[in-house]
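FYI, side chains are in, hydrogens and waters are out, and symmetry mates aren't considered; it's all heavy atoms of this structure.
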Amino acid sequence: MNKNTWITLGVVALVALIGYNFFAGRYNNMVELDETVALKWGNVETQYQRRADLIPNLVKTVKGYAAHEKEVLEGVIKARASATSIKIDPSNLTPEAIANFQKMQSGVTSALSRLLAVSERYPDLKANANFMELQAQLEGTENRIAVERSRFNQAIKDYNSYIRKFPSNLLANMYGFEKKAAFEAEEGAEKAPEVNF
């Protein structure tokens with residue numbers, strides 16, 4: 001083989017290596033970001049499940065003191081059942097799926113707020129150590145949910161930004177990576193709550 005043949009083979013090999021690194025590297029980054037989104041979604045679901053697991057104990061404790069608040073207790077149980085029936089596959093994080101999930105979780109939050117408001121009418125219940133512990137755990141869980149939702153939204157932002165930037169957007173379309181939905185503020189969240197004394 002002469003010198004020109006070696007140079008040609010070297011250039012072809014170099015171009016092939018650069019092309020492979022370009023495609024494989026971008027594809028692997030997309031896969032990694034997609035897996036991070038799935039992991040963060042799992043963390044969000046774990047915290048919502050933790051809250052759902054606390055609810056039966058909270059209801060049982062309140063029931064002992066406020067048995068005639070049947071409507072409120074049943075509302076909490078119904079909201080929990082609805083929320084835990086919703087399962088979202090991380091590969092299908094559409095705006096509609098996230099909105100539906102968020103709507104069901106808002107129902108739980110609303111029902112729990114009514115339940116905790118009922119406790120104000122029962123001084124013995126408010127002083128109960130078990131109730132106080134469950135209330136503290138619930139508050140901690142709500143904080144964890146907020147943190148995990150924030151981390152999930154950051155992972156979604158990183159993923160969506162990466163697949164929409166050039167030249168990754170060309171490869172994302174070719175490989176089937178699509179934009180995913182994040183949590184958004186609930187309707188009316190921009191208004192300050194009204195407090196009356």
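Contact between Ile86 and Met104 at its shortest, heavy atoms only, is CG1-CG, 3.5 Å. Taking every heavy atom of both residues into account, Gly107 and Ala79 meet most closely at O-CB, 3.7 Å. Pairing each heavy atom of Ala182 with each of Ile156, the nearest pair is CB-CG2, 3.8 Å. Across Pro95 and Ala181, no two heavy atoms sit closer than the pair N-CB, 3.3 Å.
Sorted by first and then second residue, the ring-ring contact (aromatic ring centres under 6.0 Å, His included) pairs involving residues 107-146 (not counting sequence neighbours) are His68-Tyr122. Residue pairs meeting the side-chain hydrogen bond (donor to acceptor under 3.5 Å, both in side chains) criterion with at least one member in residues 75-87: none, sequence neighbours excluded.
Between the Ser161 side chain and the Lys157 main chain, a donor and an acceptor come within less than 3.5 Å of each other. Between the side chain of Gln102 and the backbone N or O of Glu184, at least one donor-acceptor pair lies under 3.5 Å. No donor-acceptor distance shorter than 3.5 angstrom exists from the side chain of Asn130 to the backbone of Thr61, with no hydrogens or angles considered. Side-chain atoms of Ser150 never come within 3.5 Å of backbone atoms of Ala146 as a donor-acceptor pair (strictly under, hydrogens ignored).
Ser168 contributes atom OG, which lies 11.0 Å from atom CG of Asn173 (distance to the nearest 0.5 angstrom). Rounding to the nearest 0.5 Å places CD1 of Ile88 at 6.5 Å from CG of Leu93. Note that OH of Tyr162 and CD of Glu32 are 9.5 Å apart. Values are rounded to the nearest 0.5 Å. The distance from the CD atom of Glu96 to the CG atom of Asn100 is 10.0 Å, given to the nearest 0.5 Å. Residue Leu115 holds its CG atom at 11.5 Å from OG of Ser110, rounded to the nearest 0.5 Å. Note that CD of Glu45 and NZ of Lys40 are 14.5 Å apart. Values are rounded to the nearest 0.5 Å.
For the pair Thr36 and Asp158, the minimum side-chain heavy-atom distance is 4.5 Å or more. Under the 4.5 Å side-chain criterion, counting only non-hydrogen atoms from C-beta, Arg26 is not in contact with Tyr175. The shortest distance between side-chain heavy atoms of Tyr27 and Leu171 does not fall below 4.5 Å. Counting heavy atoms from C-beta outward, Ile163 and Asn169 have side chains that stay 4.5 Å or more apart. Side chains of Leu125 and Val118 form no contact here, defined as non-hydrogen atoms less than 4.5 Å apart. Taking 4.5 Å as the limit, every side-chain heavy atom of Leu33 sits out of range of all side-chain heavy atoms of Phe177.
Residues Tyr48 and Phe101 place their aromatic rings such that the two centres sit under 6.0 Å apart.
Taking hydrophobic clusters as Ile, Leu, Val, Met, Phe, Trp and Tyr residues chained together by side-chain heavy-atom distances below 4.5 Å, Leu170 does not share a cluster with Tyr159. One hydrophobic cluster, built from ILVMFWY side chains closer than 4.5 Å, holds both Ile77 and Leu134. Put simply, Val147 and Ile145 are part of two different groups of oily side chains (I, L, V, M, F, W, Y) that touch within less than 4.5 Å, one to the next. Neither Met132 nor Val76 shares a network with the other; the hydrophobic side chains, linked directly or stepwise wherever heavy atoms of I, L, V, M, F, W or Y lie under 4.5 Å apart, form separate groups for each.
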Exercise for the section: Output, in order, the C-alpha distance, side-chain angles, deciding distance and verdict of side chain to side chain donor-acceptor pair (under 3.5 Å) for Thr46 and Asn43. Expected result: CA-CA 5 Å; Thr46 297; Asn43 292 345; 5.1 Å; no

Margin query: Between Ile7 and Lys3, does the side chain to side chain contact (heavy atoms under 4.5 Å, CB included) criterion hold? Intermediate values first, please.
Written below: CA-CA 6 Å; Ile7 291 173; Lys3 184 178 177 181; 4.1 Å; yes

### Message
For a side chain to side chain contact (heavy atoms under 4.5 Å, CB included) check, start with the C-alpha distance between Val37 and Phe152, then their side-chain angles and the critical distance, and finish with the verdict.
### Response
CA-CA 7 Å; Val37 166; Phe152 170 76; 4.1 Å; yes

Practice problem: Under the side chain to side chain contact (heavy atoms under 4.5 Å, CB included) rule, what do Gln154 and Arg151 come out as? Steps first, then yes or no, please. | Solution: CA-CA 5 Å; Gln154 183 61 49; Arg151 289 177 180 165; 5.6 Å; no

Step-by-step side chain to side chain donor-acceptor pair (under 3.5 Å) determination, Glu139 to Asn143
CA-CA 6 Å; Glu139 183 180 323; Asn143 290 335; 4.8 Å; no

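Salt-bridge formation is detected for the pair Arg51/Glu142: a Lys NZ or Arg NE/NH1/NH2 atom is positioned less than 4.0 Å from an Asp or Glu carboxylate oxygen.
Within 6.0 Å of atom CD in Glu178, 12 or fewer heavy atoms from other residues, nucleotides or ligands are found, so the atom counts as exposed in its surroundings.
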